[in-house]
Amino acid sequence: MLDLIILGLHFFICFLISIVIWRGPKDVDLHSSSTGAAEMGPDGLIFIGKEEDIKKSQRITAKINGRQIVIFYHEGKFHALDSRCYHEGGPLCLGEIEDINGQACIVCPWHKFKITLETGEGLYEGINPLEPSPTPQWQSSGVKQRIHKITIDNGNVYVSPPDLSVSFDSDYFADKYKNGGDLAMEK
């Protein structure tokens, strides 16, 4: 009987450890508690974190004025985009990065939508039915995901505030999850 209790306790501890590991990326809240405003850097840029810290973690999430973004460090480059997928709001911070036709893409963990880290374009495989033997080719569905400009200054990583006069499909989910951002991280 004692063996069963110990075995059950062991599985429960392993389960808790796996949940902690699965939670994954570090979350950075860029609101100061006293003013409610993000920490500003040079030229109105928003401070995200130390370059070396982000390089070590490979990805972090941050909230800028309630909007959740994800910052990736991949193959020597920093990329920042809205953290919710333009398709149905899946958590891109939990996605895997794949190379598609020489472009680094984040794959949404919910429905496997592919988004280029560089431009925010949605990619899909399609065929041209007019070809004699059509073969699927990767094609762009246009820029769907808002990307954010990154600036590195003296070992600090900054993001430019988003230009909200231009709209992207991902804005819907960025607004939907604004300020309450961690709703339904899994599906």
Transitive ILVMFWY side-chain link [X] to [Y], under 4.5 Å:
X: Val159; Y: Ile54; value: yes
X: Val70; Y: Ile106; value: yes
X: Leu117; Y: Ile147; value: yes
X: Ile64; Y: Ile152; value: yes

[atom1]-[atom2] distance between [X] and [Y], expressed to the nearest 0.5 angstrom:
X: Ile69; Y: Ser170; atom1: CD1; atom2: OG; value: 11.5 Å
X: Phe47; Y: Asn156; atom1: CZ; atom2: CG; value: 4.5 Å
X: Ile60; Y: Phe72; atom1: CD1; atom2: CZ; value: 11.0 Å
X: Glu96; Y: Lys114; atom1: CD; atom2: NZ; value: 11.5 Å
X: Tyr158; Y: Glu51; atom1: OH; atom2: CD; value: 11.5 Å
X: Thr135; Y: Asn128; atom1: OG1; atom2: CG; value: 9.5 Å

Give a yes or no on whether [X] atom [atom1] has more than 12 heavy-atom contacts from other residues, nucleotides or ligands under 6.0 Å away.
X: Phe78; atom1: CZ; value: yes
X: Asn154; atom1: CG; value: no
X: Glu131; atom1: CD; value: yes
X: Lys77; atom1: NZ; value: no

Non-hydrogen atoms of [X] and [Y] that approach each other most closely:
X: Ile97; Y: Ala104; result: CG2-CB, 4.3 Å
X: Lys144; Y: Phe168; result: O-CB, 3.7 Å
X: Asp163; Y: Ser165; result: OD1-OG, 2.6 Å
X: Leu92; Y: Gln145; result: CD1-NE2, 3.5 Å
X: Cys85; Y: Cys108; result: CB-SG, 3.7 Å
X: His79; Y: His74; result: NE2-O, 4.3 Å

Checking the side chain of [X] only, and the main-chain atoms of [Y] only, is there a donor and an acceptor separated by less than 3.5 Å?
X: Ser83; Y: Gln68; result: yes
X: Glu125; Y: Gln137; result: no
X: Arg146; Y: Val166; result: yes

Open item on the list: Consider side-chain contact (heavy atoms from CB on, under 4.5 Å). Of Leu45, Ile46, Asp53, Ile48, which one does Val157 pass it with?
Closed with: Ile48

- [ ] Would you mind checking if Arg84 and Asp175 are paired as a salt bridge, meaning a charged N to carboxylate O distance below 4.0 Å?
- [x] no

Task: Candidate pair Glu52 and Lys56, rule salt bridge (Lys or Arg N to Asp or Glu O under 4.0 Å), full reasoning - done: CA-CA 6 Å; Glu52 286 306 312; Lys56 284 179 194 170; over 6 Å; no

Between [Y] and [X], do the side chains contain a donor N or O and an acceptor N or O under 3.5 Å apart?
X: Thr119; Y: Glu121; result: yes
X: Ser141; Y: Gln139; result: no
X: Asp82; Y: His148; result: yes
X: Asp153; Y: Thr151; result: no

Open item on the list: Under 6.0 Å between ring centres: does that hold for Phe113 and Tyr124?
Closed with: no

TODO: With salt bridge (Lys or Arg N to Asp or Glu O under 4.0 Å) as the test, would you mind laying out the steps for Asp171 and Arg67 before giving the verdict?
DONE: CA-CA 9 Å; Asp171 290 339; Arg67 185 183 199 103; 2.5 Å; yes

- [ ] Check whether any side-chain heavy atom of Glu118 lies under 4.5 Å from a side-chain heavy atom of Gln103, and answer yes or no.
- [x] no

- [ ] May I have the step-by-step check of side chain to side chain contact (heavy atoms under 4.5 Å, CB included) for Asp99 and Cys105, ending in yes or no?
- [x] CA-CA 6 Å; Asp99 179 74; Cys105 296; over 6 Å; no

